[in-house]
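For reference, the structure discussed in these notes is given below.
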Amino acid sequence: MKNKEFETKAIRHQVERTQQKEHSVPIFATSSYLFENAEHARALFAKEAEGNVYSRYSNPNNDEFIDKLCLLEGAEAGISTASGMAAMFVSIASFLKQGDHIVACRSVFGSTHQILTQLLPRWGITHTYVDVHDLDGWEKAVTSNTKMFFFETPSNPALDLIDIEKVSSIAKKHGILVNVDNCFATPYLQNPIRSGADIVTHSATKFIDGQGRMLGGAILGRKELIDEVMFMSRHTGPAMSPFNGWVLSKSLETLAVRMDRHCSNALELAIFLSAHNQVKLVKYPFLESHPQHDLAKKQMKQGGGIVTFEVAGGLDQGRRFLDFLEMLSLSANLGDTRSIATHPASTTHSKLSEEERLSVGITSGLVRISTGLENIKDIIEDVNQALNRSKS
Ligand SMILES: *Cc1c(COP(=O)(O)O)cnc(C)c1O
């Protein structure tokens, strides 16, 4: 399967058929697996034989999902988790111990920020934040205890980019692991491991599921690194449910066609917004006006499904805009078939101080749209009428 194209891998990688010769893979709803005899049980536990023992360790549906994701990301090995946050936490906790230090981009997902600032310090693990545009900041932040660089690109919700190749080469010099949350781009648009990252983490809840149905996560990397993650995961239990593994593996079959449409809808919406007189600033990686447009073209295949913009009249007009939307959903989720509008300052990023928000590019009038798969004419029509009515 390795030499096939993205779509083919995503559709044709399957676990072995059972004796029923089913075409679509069944759901292996089982907590444990039978041993052939006492010797087989001993060999499995001694890791002298390969096979399933217990679904906290492995399950055919979860394995199909994760093996396929590895093929798509260009990773040697991986582990699926019950949610994106389980993936973030386990991918960090597997490699850091008391006294260690992590350098992270300031604009990380809200719960990742809580892990770094509230939870890790309980175990004596410290962090330093680097601003998204401060490439030199990564090297400056390195101490003798730094074990990991962690970042997201494009960032949420400001859509700033980090040069994966450059940050990875700084890390390499110092023997530091690079962990990239690739949730916004998906493996279809960007492959951090191919650009030098060591670990890729995903919230499969977003574009990978793509229909707002369930939670899931993944951690991918070299076999020796994933063995460490497996040790942590086996014994702490963030395992994915087999049902979720089954759905998410099916979801990967359609990721490429869905992402093509998410991206073309988002680009069209971004172009429309750029010309609207009630809009101040539009950010979209594949718009030429994006300050890092060249980098976007270098490390992403297309611009992604998210567009952010600032409504001309700031906070009050931004709120009115959301209330006047008739079709778009108001929700904190993203990566759904349905277009979703979010006001980050009052919801997803409300735990940050005003100063912290501004430092990651979240002004009070900033609106984030996760562009769905509805017909783009209807998306633009709804956004247009809400913008026009929001004018005071
Ligand atoms: C949603 C999200 C997460 C968390 O994933 P869950 O599946 O909700 O736990 C992590 N990182 C990014 C960038 C996200 O958008």
Side-chain angles (χ1 to χ4, degrees), residues 62 65-66 69 73 78-93 102 104-119 132 148-162 164 179-190 192 197 199-220 233 236-241 243-245 247-248 251-252 259 262 266 283 285 300 304-308 331-336 340-342 344 347-352 360-362 368-372:
N62 297 349
F65 166 65
I66 203 72
L69 201 55
E73 280 284 15
I79 283 178
S80 57
T81 55
S83 71
M85 284 327 298
M88 302 311 144
F89 181 71
V90 173
S91 72
I92 295 172
I102 179 165
C105 177
R106 194 178 294 282
S107 55
V108 288
F109 185 72
S111 289
T112 307
H113 173 70
Q114 300 296 340
I115 288 176
L116 292 170
T117 59
Q118 305 299 318
L119 294 172
V132 68
M148 184 178 279
F149 283 177
F150 185 100
F151 60 90
E152 295 166 22
T153 178
S155 72
N156 174 27
L159 302 179
D160 293 312
L161 306 186
I162 289 177
I164 302 170
N179 185 348
V180 180
D181 176 346
N182 201 29
C183 164
F184 266 42
T186 81
Y188 184 57
L189 303 181
Q190 173 175 283
I199 300 160
V200 163
T201 36
H202 275 289
S203 165
T205 311
K206 312 296 168 51
F207 291 101
I208 289 180
D209 171 51
Q211 291 167 67
R213 297 169 293 193
M214 56 176 44
L215 302 180
I219 307 165
L220 314 169
S233 170
T236 59
M240 174 175 271
S241 136
F243 176 69
N244 288 26
V247 173
L248 292 167
S251 299
L252 285 176
M259 289 314 292
H262 277 298
K283 279 281 257 320
M300 297 175 76
I306 311 289
V307 180
T308 61
S331 166
N333 198 21
L334 59 93
D336 200 321
I340 295 170
T342 310
T347 59
T348 53
H349 292 71
S350 57
K351 303 278 186 307
L352 271 59
V360 293
I362 304 171
R368 180 186 80 193
I369 293 192
S370 169
T371 321

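Ligands are counted one by one from 1 in listed order, and the atoms in each one are counted from 1 as well.
Side-chain atoms of Thr153 never come within 3.5 Å of backbone atoms of Ser155 as a donor-acceptor pair (strictly under, hydrogens ignored).
When every heavy atom of Ile362 is checked against every heavy atom of Pro344, the shortest pair comes out as CG2-CB, 4.0 Å. The nearest pair of heavy atoms linking Glu152 to Phe109 is OE2-N, 2.5 Å.
Any N or O atom pair closer than 3.5 Å counts here, and Cys183 shares no such pair with ligand 1. The shortest N/O to N/O separation between Thr112 and ligand 1 does not fall below 3.5 Å. Any N or O atom pair closer than 3.5 Å counts here, and Met85 shares at least one such pair with ligand 1.
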Q) Going through the distances and angles, do Phe149 and Ile162 end up as a side chain to side chain contact (heavy atoms under 4.5 Å, CB included)? A) CA-CA 12 Å; Phe149 283 177; Ile162 289 177; over 6 Å; no
Q: Could you please spell out the steps behind the side chain to side chain contact (heavy atoms under 4.5 Å, CB included) verdict for Asp209 and Val247?
A: CA-CA 8 Å; Asp209 171 51; Val247 173; 4.0 Å; yes
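The closest side-chain donor-acceptor pair between Thr201 and Asn179 falls under 3.5 angstrom. No hydrogens or angles considered: nothing links the side chains of Thr348 and Arg368 as a donor-acceptor pair under 3.5 Å.
For ligand 1, the atoms sitting less than 4.0 Å from at least one non-hydrogen atom of Ser83 are 7 (O), 9 (O), numbered in the order shown with element in parentheses. Close contacts of ligand 1 with Gly84, meaning ligand atoms under 4.0 Å from a residue heavy atom, involve 5 (O), 6 (P), 7 (O), 9 (O). Contact atoms of ligand 1 toward Asp181: 10 (C), 11 (N), 12 (C), 13 (C) (distance under 4.0 Å to a heavy atom of the residue). Using a 4.0 Å cut-off to heavy atoms of Phe184, the atoms of ligand 1 that qualify are 15 (O).
Closest heavy-atom approach to atom 7 (O) of ligand 1 within the set Thr205, Asp209, Leu215: this belongs to Thr205. Considering Glu152, Lys206, His202, Met214 only, the shortest heavy-atom separation from atom 15 (O) of ligand 1 involves Lys206.
For atom 5 (O) of ligand 1, the closest non-hydrogen atom on the protein side is Ser203 OG, 3.0 Å.
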